[in-house]
Amino acid sequence: MLTNGLYPDAHVLPSVIKACAGLLVVKIGKQVHGFSLVSGLSLDPFVGSSLFHFYIKCDELVSAHKLFGNMVERDVVSWSALAAGYARKGDVVNAKKVFSGTESLGFEPNTVSWNGMIAGFNRSGCFMDAVLMFQQMHLHGFTFDGTSISSVLPAIGDLGYLNSGTQVHGYVIKTGFADDKCIISALIDMYGKCGCALEMSKVFEDRGQVDLGACNALIAGFSRHGLVDKALTVFKELQDQGVELNVVSWTSVIACCSQHGKDVEALDLFREMQAAGVKPNSMTIPCLLPACGNIAALMHGKAAHCFSLKMAISNEVYVGSALIDMYANCGKIQAARCCFDRMPAHNLVCWNAMLGAYAMHGRAKEAIEIFLWMQRSGQKPDAVSFTSLLSACSQSGLTKEGHHYFESMSRDHGIEARLEHYACMVSMLGRAGKLEEAYSIIKKMPFEPDACVWGALLSSCRLHHNMSLGEVAASKLFELEPRKPGNYILLSNIYASRGKWKEVDKVRDIMRNKGLRKNPGCSWIEVKNKVHMLLAGDKLFPQMAQILDRLSRLSMEMKKAGYSPNTDYVLQDVEEQEKEHILCGHSEKLAVVFGLLNTSQGSPLRVIKNLRICGDCHAVIKFISKFEGREILVRDTNRYHHFKDGHCTCGDYW
DNA sequence: CTAGGGTTAG
C-alpha cells in the first residue's frame, strides 16, 4: 500500500494492528504505532483502542498502561483487558488494583471480565489467585459459564484441591455443562493432577463423543501417573483409528517417553511426527531435548536446536533452558553457556539450568559466578539453585565456600535446607576426608535423613576406606533400600580394599539370599552418529578381540610409565593377575578403546556410564588421554569427567 | 472498516 503511494487512514490501521497482535510481532506493531503518532492518526479512538489491545496481547504492559491514560474511550472492555493483562504477567497487585478500580469508576465488570482474570492468573501460575477470583465471582452474584469452569479447573488441579474439584464436577453435571469439550478435558486433567487415575478414566469413558482434547488430557494423565504403556496405547489406538493427531497429542506422548526412560522412542516419535506433517512448536522442543541429553545423542540435540533456530524460538526461556540442559548433558558445557548468553532475558528456570550445567561438570568457580550474577540481576534463588551450587562446591572440594552458602541459605534467603542440601554437605565433607564431621551433620539434621544422605556418607567411606562408619551408613541403607544392589557393592568394596574377604563373602551371601545381583556396568559411545552399547566383560561384542588387544598394549605402555593397576576395585579374592583381567573388562574402558579404534586420530570421545566411574578406569583413561592425544569425556551417574593431557577436570576428586 | 474470556504438551 505504502509503496503504491497510498496513505493509510484511521480505518485501515486497526486492521494492520490487529494482524500484528495476532502474529505477536511486537517490532512491526511498534512501527505502526510510530507511524500513527507521526501522522496524527493515533488520536483516532479506534486506532488507540486497537494499539492498546495489541500491547496487552503482546504482554507489553508498560506501553499498554501508558496508552491507556491517553485513550478517549475507556469502557469496561478496556479496563478488564488491562487487569487481565497484569494477571497474565503475574503482577497480582496491579491486576487486582485495576480490576477493583474498574468498579469504583462506575464500570461493572461482567462475566467476561471475571473469566479473563481467572485465565490470566492461570497463565502466570498464580493458581491461588485464580481460585480466589472464581470464589469472589460467585460471591458477587455472577453465574459461572462454561469458560469460568474450564478456566478454574487447571488451577484447582495444580493446587491439588480434590474436594473443590469434585464440587465443581458436581456443578458441571447439575448444570448440564457435561457436553462441553473443554470442560471434559479440564476435568480429566484436574483428576489426573489430583492423583485420581480411576476418576480420571471414568470421566473419559463417560464422555459423549470422541474429542482429541480429552484424549490428549488422558495421555498426559497416564503419563503423570507413570502409566507409560497406557499412555502409549491410547496414542497408538488413535493413530490406528486414523484420527488426525495434533501438535499437543504428539508433544504429550514425546514428553511421556522422555520423562520415563524411553529416550530412543521419544526421538523416533519426533521423526514420525514430522513425517505425519505436524509442525513442532515451542512446547515440543523442551519436551524432546531431555531425551537427547539423557542418552547424550548430540546429533539429535543439535538437530532440535536447528529446528528452534528456524522457528525463531531458540531464545525463549523454556527452549533456551532445555538447550542448556541438553548441551551440558552431552558434555558441551561451552555450547550450553553460549545458549545462555544469547538469551535476551533469564528467568529462574534459565539460571538454574546454567547452575546445574556447571555443577554437573564440576565447575564450582563458574557456578559461583553465575550465582552472584543472578543475584545482581535481581533474580532470587530457590532451593534448586542451592542444590546445584552446593553440589558444584562438593564436586570441586570447595568446602569453605560450600559451608558459606549452606549457612546463607536460611539466614540470607529464607530457604530452609532440604534433604538434598544435606546430602551435598555430607558428600562435600566426606570427599574431603572429614567423615566424622559429615556424620555429625547427619546426626544434627532437623528431620530424618533419607537414602541419598546415607548414600553420600557410604560413598565417602568407600573413598577413604573407612569401615566403621561405612557399616553404620550401610546398615541404614539396607533398611531404607533393601533391594538396591549398589549399597551392598559399596560396602563389600570397603571390605575388599582392606582384604576382609570373610566380610566380603558375608555381604555376597546376603545379596544372594535376597536374589540381588550387581547391576551390570554399561557404557555408551556415539560413533559416526550411531550409539554403541558396551557391557562389562562383553564377550559377544563384535570388535572385542581388537579392543582387548589394544587395551593390553596400552597397559604395557602404562606399566613402562610407572602405573600399577588399582585392584581395590575388584571384589573377588583372586590372584593379582586375575584382578587386572577383571578390571580390563570394565565397560567404560571398553567403550573408550572402542572409540579409539573407530574414530580418526585426535578426535574427542564421549562416553556415558550407567554407574559411577571406577577408580582404576579413571587412572587408565587419564593415561590414554595423554598417550593417545585425545580429549575424553565420561559422564557417570554423578557428573562429567573431562580428561585431557593426562589430567581430569575433577582433579581426581569425586 | 476497531476492542475482552476456555481444555490438553514444558
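Labels below follow one simple rule: chain letters A, B, ... track the order of the sequence lines, proteins then strands, and each chain is numbered from 1.
- Note on A:Ala84: nothing from the nucleic acid sits closer than 4.0 angstrom, heavy atoms only.
- Applying the salt bridge (charged side-chain N to carboxylate O under 4.0 Å, His left out) criterion to A:Asp189, with sequence neighbours excluded, gives A:Lys193, A:Arg224.
- The environment of CG in A:Leu198 is sparse: at most 12 heavy-atom neighbours from other residues, nucleotides or ligands sit within 6.0 Å.
- Remark: of the listed residues A:Phe52, A:Trp79, A:Tyr86, A:Tyr86 is the sole one forming a ring-ring contact (aromatic ring centres under 6.0 Å, His included) with A:His65.
- Between A:Lys30 and A:Glu60 there is a salt bridge, with a side-chain nitrogen of the basic residue lying less than 4.0 Å from a carboxylate oxygen of the acidic one.
- Between A:Tyr7 and A:Ser39 there is a side-chain heavy-atom pair separated by less than 4.5 Å.
- Across all strands, A:Arg224 comes closer than 4.0 Å only to sugar-phosphate atoms, never to a base (heavy-atom distances).
- Residues from residues 15-44 of chain A placing a heavy atom under 4.0 Å of any atom in DNA chain B, listed by number, are A:Lys18.
- Among the atoms of the strands shown, none is found under 4.0 Å from any heavy atom of A:Ile118.
- Taking the six-membered ring for Trp and the full ring otherwise, A:His300 and A:Phe270 have centroids separated by 6.0 Å or more.
- In this structure, the side chains of A:Trp351 and A:Ser385 stay at 4.5 Å or more apart for every pair of heavy atoms.
- Between A:His33 and A:Phe54, the distance from one ring center to the other does not fall under 6.0 angstrom.
- With a cutoff of under 4.0 Å to any heavy atom of chain A, the contacted region of DNA chain B is bounded 5' to 3' by B:dC1 to B:dG10.
- A:Cys20 approaches A:Ile28 most closely through the heavy-atom pair SG-CG2, 4.0 Å.
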Point to revise | Working for side-chain hydrogen bond (donor to acceptor under 3.5 Å, both in side chains), residues A:Asp145 and A:Ser148 | key: CA-CA 5 Å; A:Asp145 66 1; A:Ser148 329; 2.8 Å; yes

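- Remark: A:Gly146, A:Thr147, A:Ser150, A:Ser151, A:Pro154 in residues 146-159 of chain A come within less than 4.0 Å of DNA chain B through at least one heavy atom.
- Of the N and O atoms on the side chains of A:Arg337 and A:Tyr327, not one donor lies less than 3.5 Å from an acceptor on the other residue.
- Taking the centre and axis of the six-membered ring of A:Tyr171, the NZ or CZ atom of A:Lys174 falls outside the cone set by 45° and 6.0 Å.
- By the 4.5 Å heavy-atom criterion applied to side chains, A:Pro8 and A:Val16 are not counted as neighbours.
- Looking at residues 279-294 of chain A, you'll see A:Asn281, A:Ser282, A:Met283, A:Cys287 sit with a heavy atom under 4.0 Å from some atom of DNA chain B.
- Between A:Phe235 and A:Cys256, the closest side-chain pair of non-hydrogen atoms is not below 4.5 Å.
- Of the residues in residues 46-70 of chain A, those lying under 4.0 Å from DNA chain B by heavy-atom distance are A:Phe46, A:Ser49, A:His53.
- Residue-environment remark: NZ (A:Lys230) stays at or below the threshold of 12 foreign heavy atoms within 6.0 Å.
- Two rings, from A:Trp114 and A:Phe144, have their centers 6.0 Å or more apart.
- When heavy atoms are screened at a 4.0 angstrom cut-off, A:Asp75 is found touching base atoms of the nucleic acid.
- Within 4.0 Å (heavy atoms only), A:Glu316 reaches no atom of the nucleic acid at all.
- Among the protein residues, A:Asp9 comes within range of no part of the nucleic acid, since none of its heavy atoms lies under 4.0 Å from any strand.
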